[in-house]
Amino acid sequence: MLMQGKKALVFGVVNERSIAYGIAKALRDNGAELALGYAAEPIRKRIEPIAEKLGAQFVFQCNVSQDEEIASAAALVAEKWGNVDCLVHSIAYANREDLAGRFIDTSREGFRVALDVSAYSLVALCRAFEPLFAPGASVMTMSYYGSGRVVANYNAMGVAKSALESSVRYLAVDLGKRGVRINAISAGPVKTMAASAISGFRTILETIENRSPLKRNVSLEDIGRCALYLGSDLSSGTTGEVIFVDSGYNIMGV
Ligand SMILES: NC(=O)c1ccc[n+]([C@@H]2O[C@H](COP(=O)([O-])OP(=O)(O)OC[C@H]3O[C@@H](n4cnc5c(N)ncnc54)[C@H](O)[C@@H]3O)[C@@H](O)[C@H]2O)c1
């Protein structure tokens, strides 16, 4: 059991289609103790039965755009657990109007929100939980191919993912001094609530089926297995990386 005795904090489960759910399940199936952070009170009702099914020890509210909520979450986790071995950041948000049409039309506020929730939140969580990270702890976040290549309608989220991946590299240096690792998984498209906000998402799914080396889309289990590698000691020498779980789509040229 690769995660036996390890405590994993997972941010970003909203339903059983969430990538964070697939990751939480993979970590739990391999022995991890879990706690789940959710964005806002209305989500509590949805997440409680999921937490029970996963055997999570507790759930807590943490809107990552609010510093006070991050601080309370860290205080609660310090009280309940004392330390953390694995932190999963699987959170993104952009206004729907900024995930369609021309990127040039992104508003200042739309850009700010996308970058704040989807990229800065990783920095804020790492800072708040840094004192709790056990030696050898592992942080992971979720990115997408649209960080480095233009994907139709991904727009402000592509820029946010670019900032997220760069943040992973800078955070790797800060956290590395204490032996803590941080990496990103760049997942292929998965039909989730967040993905449904992206205009033309079905075309993206079809493109992976037609053009990727594996000729299929990835599953939550595929992503969960990579998360297990990153969360466990199997990845003890790896930090600051972006690892693709995308059926190999990113390697393709013409
Ligand atoms: N679905 C895909 O195709 C795909 C591909 C690559 C990467 N990703 C990334 O995976 C991550 C998870 O997304 P998903 O596809 O599983 O969708 P999802 O809708 O299941 O999860 C997104 C989560 O972000 C949370 N969230 C949004 N704003 C928040 C806030 N202010 N505070 C706290 N939580 C907040 C939501 O509550 C939700 O739990 C995101 O970073 C997304 O960009 C998704």
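When a ligand or atom number is given, it counts from 1 through the structure's own listing order. Residue numbers run from 1 in the order of the sequence given.
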Chemist: If you measure every N/O of A20 against every N/O of ligand 1, is any gap under 3.5 Å?
Modeler: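 Min N/O separation from ligand 1 is not below 3.5 Å for A20.
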Chemist: Contact between ligand 1 and S118 is defined here as a heavy atom of the residue under 4.0 Å from a ligand atom; is it met?
Modeler: no
Chemist: Mind checking whether S121 has a heavy atom under 4.0 Å from ligand 1?
Modeler: no
Chemist: Is the closest basic N to carboxylate O distance between R225 and D29 below 4.0 Å?
Modeler: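 Salt bridge: no.
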Chemist: Take every heavy atom of F11, measure it against each atom of ligand 1, and state whether any distance is under 4.0 Å.
Modeler: no
Chemist: Keeping S18 on the side-chain end and V13 on the backbone end, is there a donor-acceptor pair under 3.5 Å?
Modeler: no
Chemist: To which of G37, S18, S90 does the heavy atom nearest atom 22 (C) of ligand 1 belong?
Modeler: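 Minimum heavy-atom distance to atom 22 (C) of ligand 1 goes to S90.
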Chemist: Which residue and atom name correspond to the protein heavy atom nearest atom 19 (O) of ligand 1, and how close is it?
Modeler: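 Checking every protein heavy atom, the shortest distance to atom 19 (O) of ligand 1 gives A194 N, 2.9 Å.
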Chemist: Numbering the atoms of ligand 1 from 1, which are under 4.0 Å from a heavy atom of T192?
Modeler: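 Selected atoms, number and element: 1 (N), 14 (P), 15 (O), 16 (O), 17 (O).
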Chemist: Are the charged groups of K53 and E16 less than 4.0 angstrom apart, N to O?
Modeler: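 Salt bridge present between K53 and E16.
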Chemist: I'd like to check which ligand 1 atoms, numbered from 1 as shown, lie under 4.0 Å from a non-hydrogen atom of F201.
Modeler: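 With F201 as reference, the close atoms of ligand 1 come out as 3 (O).
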Chemist: Output the list of atoms in ligand 1 that are nearer than 4.0 Å to some heavy atom of G188, sorted by atom number.
Modeler: 3 (O), 5 (C)
Chemist: Within the 4.0 Å heavy-atom shell around V13, which atoms of ligand 1 are there?
Modeler: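 Close to V13: 39 (O).
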Chemist: Heavy-atom distance under 4.5 Å between the side chains of V139 and H89, does that happen here?
Modeler: no
Chemist: Nearest protein heavy-atom contact for atom 7 (C) of ligand 1: which residue, which atom, what distance?
Modeler: S143 O, 3.0 Å
Chemist: Taking N183 for its side chain and E241 for its backbone only, find out whether a donor-acceptor pair lies under 3.5 Å.
Modeler: yes
Chemist: Quick test of your reading of the model: are R112 and E109 salt-bridged, counting only N-O distances below 4.0 Å?
Modeler: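 Yes, R112 and E109 are salt-bridged.
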Chemist: At their closest point, which heavy atom of V77 faces which heavy atom of V84, and how far apart are they?
Modeler: CG1-CG2, 3.6 Å
Chemist: What do you reckon, does V64 have a nitrogen or oxygen under 3.5 Å from a nitrogen or oxygen of ligand 1?
Modeler: yes
Chemist: Give a yes or no on whether the backbone of I19 and the side-chain of S90 come within a donor-acceptor separation of less than 3.5 Å.
Modeler: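 Judged by distance alone, no pair lies under 3.5 Å.
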Chemist: Need the ligand 1 atom indices (1-based, order shown) with element for anything under 4.0 Å from a heavy-atom of N63.
Modeler: 30 (C), 31 (N), 32 (N)
Chemist: Show the atoms of ligand 1 that are less than 4.0 angstrom away from any heavy atom in A195.
Modeler: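 Answer for ligand 1: 1 (N).
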Chemist: One thing to verify: whether K6 and D233 come together as a salt bridge, which I'm taking to mean a side-chain N less than 4.0 angstrom from a carboxylate O.
Modeler: yes
Chemist: Going by atom types only, do S65 and Y120 share a side-chain donor-acceptor pair under 3.5 Å?
Modeler: no
Chemist: Do you know which two heavy atoms are closest between L27 and A8, and how far apart they sit?
Modeler: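 Result for this residue pair: CD1-CB, 4.0 Å.
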Chemist: Do me a favour and list the nearest non-hydrogen protein atom to atom 43 (O) of ligand 1 with residue, atom name and distance?
Modeler: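 It is K161 NZ, 2.8 Å.
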Chemist: Locate the shortest heavy-atom distance separating I70 from A124; write the atom from each residue and the value.
Modeler: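 Minimum heavy-atom separation between I70 and A124: CD1-CB, 3.7 Å.
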Chemist: Quick test: of every protein heavy atom, which one is nearest to atom 40 (C) of ligand 1, and how far off is it to 0.1 Å?
Modeler: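 Ranking protein heavy atoms by distance from atom 40 (C) of ligand 1, first comes A92 CB, 3.6 Å.
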Chemist: Starting from atom 38 (C) of ligand 1, which protein heavy atom do you reach first, and at what distance in Å?
Modeler: G12 O, 3.7 Å
Chemist: Nearest to atom 9 (C) of ligand 1 by heavy atom, M142, Q66, R17: which?
Modeler: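 Ranked by closest heavy atom to atom 9 (C) of ligand 1, first place is M142.
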Chemist: Does ligand 1 have an atom under 4.0 Å from some heavy atom of H89?
Modeler: no
Chemist: Does atom 36 (C) of ligand 1 have any protein heavy atom closer than 4.0 Å?
Modeler: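 It does not: no protein heavy atom is found less than 4.0 Å away from atom 36 (C) of ligand 1.
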Chemist: Identify, for atom 3 (O) of ligand 1, the protein heavy atom at the shortest distance, and state residue, atom and that distance.
Modeler: V190 N, 2.8 Å
Chemist: Show the atoms of ligand 1 that are less than 4.0 angstrom away from any heavy atom in P189.
Modeler: 3 (O)
Chemist: What is the closest protein heavy atom to atom 16 (O) of ligand 1, and at what distance does it sit?
Modeler: I19 N, 2.8 Å
Chemist: Answer with side chain, backbone, both or neither: which part of I91 has a heavy atom less than 4.0 angstrom from an atom of ligand 1?
Modeler: both
Chemist: Is the contact between T141 and ligand 1 made by the side chain, the backbone, both, or neither, using heavy atoms and a 4.0 Å cut-off?
Modeler: neither
Chemist: Distance under 6.0 Å and angle within 45° of the ring axis: does K80 meet both against F58?
Modeler: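 So K80 does make the cation-pi contact.
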Chemist: Hydrogens and angles aside, do N210 and K215 bring a side-chain donor and acceptor to less than 3.5 Å of each other?
Modeler: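 The answer is no; no qualifying pair exists.
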Chemist: Short question: side chain of T207, backbone of T203 - any donor-acceptor pair under 3.5 Å?
Modeler: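 Yes, the answer is positive, given that a donor and an acceptor are paired below the 3.5 Å cut-off.
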Chemist: Can you tell me if S219 uses its side chain to pair, donor with acceptor, with the backbone of D222 under 3.5 Å?
Modeler: yes
Chemist: I need the atoms of ligand 1 closer than 4.0 Å to a non-hydrogen atom of C62, numbered in the order shown.
Modeler: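 Going through ligand 1 atom by atom, the ones under 4.0 Å from C62 are 32 (N), 33 (C).
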Chemist: Quick one: nearest non-hydrogen protein atom to atom 34 (N) of ligand 1, plus distance?
Modeler: A39 CB, 3.4 Å
